[in-house]
Amino acid sequence: MPRYDAHRIESKWQADWDANETFRTPQGVGNGPKLYALDMFPYPSGSGLHVGHPEGYTATDIVSRYRRMCGVNVMHPMGWDAFGLPAEQYAIETGTHPRVTTYKNIDTFRRQLKMLGFSYDWSREIATTDPEYFRWTQWIFLQLFDTWYDPDCVWNGPDGRQRTGKGRPIAELPIPEEVRAQGADAVRSYQDERRLAYQSEAPVNWCPALGTVLANEEVTAEGKSERGNHPVERRALRQWMLRITAYAERLIGELDDVDWPESVKLLQRNWIGKSVGAEVDFFIGGDSVARFSKSGSPNAPSAGATDVSPVPSSASFDAWKQSRSASGFPKAPGDDVLRVYTTRPDTLFGATYMVIAPEHPLVARLTTAEHRAAVEEYCRRASLKSDLDRTDLAKEKTGVFTGSHAINPVNGAPVPIWIADYVLISYGTGAIMAVPAHDERDLEFAQTFGLPVVEVVQSPDPQTSNIGFTGDGIAIHSGEFDGLSTPEFKQRITARLDTDGLGRRAINFRLRDWLFSRQRYWGEPFPIWHELDAAGNLTGRVRPVDAAELPVTLPDMDDFKPRGTPEPPLSFAPDSWLYRTAEDGTKLKRETNSMPQWAGSCWYYLRFCDPRNSERFIDPEIEKYWLPVDLYIGGAEHAVLHLLYSRFWHKVLFDLGHLTHPEPFRKLVNQGMILGEAELTGFRDAQGNWVSAREANPEKCTAVKVDLSDVVKQGEWLVLKDHPEIVIESRAQKMSKSRGNVINPDEIVDKYGADSLRLYEMFMGPLEQVKPWSMSGVEGVFRFLGRVWRMLADDRAEDVRLNEAVQDVPPTEAQLRTLHKTIKAVTDDIEKLSLNTAISRMMEFTNEIGGQDVRPKSILEPFVLLLSPFAPHLAEELWQMLGHDRTLAYEPWPQYDPAKLVESEVEIPVQVNGKVRGRVKVPAHADQQTTIELATAAVAAQLEGKQLVKTIALPAKMVNFVVKG
RNA sequence: GCCGAAGUGGCGGAAUGGCAGACGCGCUGGAUUCAAAAUCCAGUGUCCGUAAAGGACGUGUGGGUUCGACUCCCACCUUCGGUACCA
C-alpha cells in the first residue's frame, strides 16, 4: 500500500475517468480555440497492440492533455481500420466469420488502449466495418462517380489564391454537339469516360496467392506483394479506377500549405513525379493503311502486313510539314506520326533512333514483313513478363527492330524505330526518341545494338566526355541552335516546334490512376448495379445505387475462399443479394468487387467530428469548426499511400462544396520506429577475424539477448565480458516475431505500470527518431516515478497520505526559481514536441526538491500539474493527496514568472584564445567593463607575460582574451 | 544509381555559434540490512599525473570561415530509410 503502487493507482483513475466521461468532447460546434489531435487509427490485428502504437499515441495524448489545461477545446478520438485481409485469411483458415474475429480484436485493442490511460473521447469511437460508417464511404464513392475534373475551371481558394482545375458534378459536364447527336448512349459513355470513378480493362497487378488485384503502391520493387511477399503478375481485368491523376498538379502544389516534414513532402512530390518537357511528332509516312491489319490482336503484327517503303520519302515529309505549319499540333496524334515525350527537346538533333513500348498501338503498323516473326515473339514474351522479370532484366537491354523509320522533324534525318521493354506504355506517350549520347539507358541500348551516337551537348567541364554527359551544357551539332545553353535551348526549340505545329510543351506525371477494386469479401461493397441484357450478360452500363438505399451491406456467406480465379467471392453470394429488377424492367447485377482497405481510412478523420450523424457524413458547421486536423502523428510508412489518398478524397469533397478546407492535416509528425534490444550478431573466429553470425548461420543469429552489463570494449570491438571471442554488434534491429525480440506492452504494464511505459517511450529519444528498446531504461523511469511518489507521499505510512516534509510554508527563493525554470522548460518542450527533454527537466526538479527536508506544497502542486500529461495516473493520485477533490485534467496549466528566473549571480566561462581557462562568478546585471575586470582576475596566470591582442566580452555571458606570445 | 536522414562516452541521448557529454541506463565505492531486494549518498569521456594540483586530447574523416565550431561552408567515408529503366 504505501509504496508506489502503479496498478492500484492506474485502475482507480481509469475507472474514474470512464465513469465521469472526463475526456468527452461536447458534440456539435464549440467556441474558442480548438485542437484536433489525431492518431493514425490502428488495424486491430490478432496479435494485439505493439509497443510502436503507444509511441505516437502517447505524444498526441500529452499534447491533448496539455492543451486541455490551457483552456483549449480538444478533440482526441480513436477508432478502428477494421476491414482488411488478415481477418479474412483467418476466416478462411478457421471458419470463423471475419466480423467475429474483427470485433474480438477490437475489444482487445480497446482494453489495451484504456489500460494505457489515453484521454480519448470514447463516445466518438468508430469502426470502418460498421455499416453506419461504410454507408458514408459508399456515399463518397458515389460522389467520385458523379464528378468529373474540369482542368480549365479557374476559381479562388479560401485563402484568396487563384487556382486552376476543379472537380465538378457530372451533370455540369458540357456535351459536345456531335456527341449529343449520336444519342443517349453516346452521351452516357462520354460522361463515363470522364468520371473520377471509372471502369477500365487495363493490365493490373494480379496476385494469385492473395487472390486479388493490387494497387501499384501495394507491389514492391521486386514485383512481390507488400503483404505476404507473394509473386504478382500482370493480367488484363475489368477494374474500378479512381482518377487521382487529375489532381496531380494540386496534390503537388498544395503541399506548400501544410506543416509537414520536408522529407514526407518530398516523398509525395517524387511519387507524383511531375516532369516538364515537350511532346514531339516524328513523321512515319502516310501509307499506314497498307500495313495496318484489321484482324488479330491489335498489338501483334498481323499476317496481313505488307512491306511498303519503310522509310517515308522526303517529299511526303515536306508535304506533311507544310500541312502541319498550317494546321498546328493536333491534340491526338494521327497514325502518320509517332508521338514522343521528352524532357530534353534540346537534344533533338542527337536523336539517332526511336523506341516504342511492346504494347504500343503502332507496333503492327510499323513492323515490316521481314521483322514480323521477331517482333511477334518479342511482344509475346514481354506480355508474359511479370514486373519481377522486367526488373531482373533491367541490367541488360533487350529489343527488336521494326524495320521502319521515322523522320526527325528538326533535321529531316530518318531514324530507325525499335521496340524495347525499357520503354513503358504507361508513361508519356509510350514512345521515346533515343539520344544515346546524353541518356544512360539509350547509350546502353545503342551500344548493345550498334546504333549511332551523336553528341549534341558539350559538357562545361572539359575533363568530362560529352558522350554519357546528361547534365546541362552548351549545344553543339544542332544547326542554328549551336552555342545555346541547355535551358535556353529547351525554351527556344519548344517555341519553334509549337509555331511549326511539330510539338508543344507538355507535363507528365509518374503518378498513375488508383486501382480501387479488390477481389475480397471483407471490404466495402461498391454501391453500383450493372445492367444485364436479356441473355444475362453485362451490357457495360452501370447505375449507382440510390443514396437512400445505402448502406449496401455484405451478404451472409460461409465460403469466401479465393478460387484461384479473379472472380470475387461476392460473385458467389446468394441471388437475392446479387440480382434485382429495376423499375424500368432492366435486370441488374451488383458489382462484386469490394473496395480496398484504404477506402475506410481515407476519411475517418472527418467522421470523428460528427460520428453519429445519420443525415450527412459530417455536419458542415461542425466540419468548419474542427477541421483541419491540427496534429496528426503516425508511422512514416503512410507517407505516400494513406496520406496521398486522403488528400485526394478530401480535395474532391472540397471541390464539391462539402468541406471548407482544401487540406485535411495541418501538421504531420512521423514517429520513429522502435527497434528491438541489442543482439548477438557476430563472433571472432580462430584467426581473430570478425564473422557475421547472420552470414555464418542465419538461423541461429536471431534472438540472443545481451545484458549490457556483460559487455566490455576490447580494441574496436564490443565483446562479452566472459567470452571475449563473442563480439556484440550493438546495432539494434527491427522487432519481429522471427527474431523473437518483440516487446509486448501488456508485459511492461504488468511489471511497471502504464505511466512508466508512457514515460519511457517518450524519454527514449526524439519522437521522430528510430530508437532501440531498453528494459533497464524502463526501470529508470519507473524509479523516477517512485522518487516523485516519495517526494510527495509518506512511503512508510500504512495508508496513503502526504509525506511530512510536504508543508504549507512559503517557498525559498531558490525553490521558486527551480519551479519556474521547470515550468518554462517543460512548457517550451511540449510546444516543440521535445518530450524527452521535458522529462529530463522534471527529473532535475525531483533531484533537487526531492532531497530537501521541507518541500513547500505551493511548488509541488504546479509540478504535479506539469507531470500530469506524461504520467496522468500518478499525477491524479498525488493531486488528490494534496487535497483536491476534482480531476486535474482541466486545472489551469502553470505559468512561469520571468522575474523569478533571474539569479543574482551567474558563473561564466573565461576563455584564452578560445579555450576555456577559468570560470568566474559575476553579478547577473554586470556590464561589459565589470565582466572583463572579473574575468581578467580569474585567468591572470594565463595572461601573464603575454600580449593582449583583443578582448571579446558578452556581459554576464562569456569573455575571450586573444593573446600573443 | 538517385533522393532523404543521421554519425557525440560502455549504451539511449543533451547542447543549433559562446562551459561538450544535461537527464537516464550501466559501472565503481559507500550508507542501510543478519543477508538480499528496495532506497539513499559520492564518483564515473580518454590519456599523462600520485585517486591531489595541474595538463594534453576529444563530437565519423580531411580542409575552410570565425576571437570562438558538435553547431556554419566545401569535399569525402560510414550507417539507416525510401526509390528504381518515369524518357
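Throughout, a chain's letter reflects where its sequence line sits, starting with A, and its residues are numbered from 1.
Note on A/Asn913: nothing from the nucleic acid sits closer than 4.0 angstrom, heavy atoms only. Nucleic acid contact class of A/Arg787 (heavy atoms, under 4.0 Å, all strands): sugar-phosphate only. A/Lys957 comes within 4.0 angstrom of nothing in the nucleic acid, heavy atoms only. Within 4.0 Å (heavy atoms only), A/Arg269 reaches no atom of the nucleic acid at all. Contacts of A/Asn508 with the nucleic acid, taken as non-hydrogen atoms under 4.0 Å apart, are absent. Within the nucleic acid shown, A/Glu907 comes within 4.0 Å of at least one base atom, counting heavy atoms only. At a threshold of 4.0 angstrom between heavy atoms, the contacts of A/Ser275 are confined to the sugar-phosphate backbone, with no base atom among them.
Side-chain proximity of A/Tyr422 to B/C85, B/G12, B/G4: nearest is B/C85. Taking only side-chain atoms of A/Ile432, from C-beta outward, the nucleotide of B/C23, B/G12, B/A87 with the closest atom is B/A87. In this structure, of B/G4, B/A22, B/A84, it is B/A84 that holds the atom nearest to the side chain of A/Arg510. Residue A/Thr837 has its side chain nearest to B/A14 when only B/G12, B/A14, B/C3 are considered. Listed nucleotides: B/C3, B/G13, B/C19. Nearest to the side chain of A/Lys771: B/G13. Comparing atom distances between the A/Leu424 side chain and each of B/G13, B/G26, B/A87 picks out B/A87 as nearest. Considering only the side chain of A/Leu954, B/G18 comes nearest among B/G12, B/A22, B/G18. The listed nucleotides are B/C40, B/C23, B/A87; the one nearest the side chain of A/Glu844 is B/C23. When the nucleotides B/A87, B/G18, B/G4 are ranked by their closest atom to the side chain of A/Asn960, B/G18 comes out on top. Across B/U83, B/G13, B/G18, the shortest atom-to-atom separation from the side chain of A/Ile952 is found for B/G18.
Taking atom CG of residue A/Leu267 and atom P of nucleotide B/A84, one finds them 11 Å apart after rounding to whole Å. Rounded to a whole Å, the OH atom of A/Tyr760 is 11 Å from the P atom of B/G12. In this entry the distance linking CG of A/Asn803 with P of B/C40 reads 13 Å, nearest Å. Counting to the nearest Å, the C1' atom of B/C11 and the CZ atom of A/Phe763 are 13 Å from each other. Atom CE of A/Met764 is separated from atom C1' of B/G24 by 12 Å (rounded to the nearest Å). Rounded to an integer number of Å, the gap from A/Asn270 CG to B/G81 P is 18 Å.
Across all strands shown, B/A5 forms a Watson-Crick or G-U wobble pair with B/U79, both key distances being under 3.5 Å. Across all strands shown, B/C85 has no partner, as no Watson-Crick or G-U wobble contact with both distances under 3.5 Å is found. Both distances falling under 3.5 Å, in either a Watson-Crick or a G-U wobble arrangement, place B/C72 opposite B/G64. Pairing for B/U59 is absent, with no Watson-Crick or G-U wobble pair whose two atom distances lie under 3.5 Å.
In B/G9 the O4'-C1'-N dihedral to the base is within 90° of 0, which defines a syn nucleotide.
Ring-plane geometry between A/Phe782 and A/Tyr4 is classed as tilted, the angle between the planes lying from 30 to 60 degrees on a 0 to 90 degree scale. Ring orientation note: the planes of A/Phe469 and A/His438 are nearly perpendicular, at an angle over 60° on the 30°/60° scale.
Between the side chain of A/Gln911 and the base of B/G18, a donor-acceptor pair under 3.5 Å is found.
For the residue pair A/Arg512 and A/Thr245, no side-chain donor N or O sits within less than 3.5 Å of a side-chain acceptor on the partner.
Nucleotides B/G64 and B/G26 place their C1' atoms 40 Å apart, quoted to the nearest Å. Taking atom P in both B/C80 and B/G62, one finds a spacing of 23 Å when rounded to whole Å.
For the side-chain contact (heavy atoms from CB on, under 4.5 Å) with A/Asn847, the lone residue among A/Met791, A/Arg787, A/Met842 that qualifies is A/Arg787.
Side-chain N/O atoms of A/Ser263 include none lying less than 4.0 angstrom from OP1 or OP2 on B/G81.
By the neighbour-count criterion of 12 heavy atoms within 6.0 Å, atom CZ of A/Arg841 is sparsely surrounded, having that number or fewer from other residues, nucleotides or ligands. Within 6.0 Å of CD in A/Glu637 there are more than 12 heavy atoms belonging to other residues, nucleotides or ligands.
With A/Gln671 contributing its side chain and A/Gly52 its backbone, the two residues share a donor-acceptor pair below 3.5 Å.
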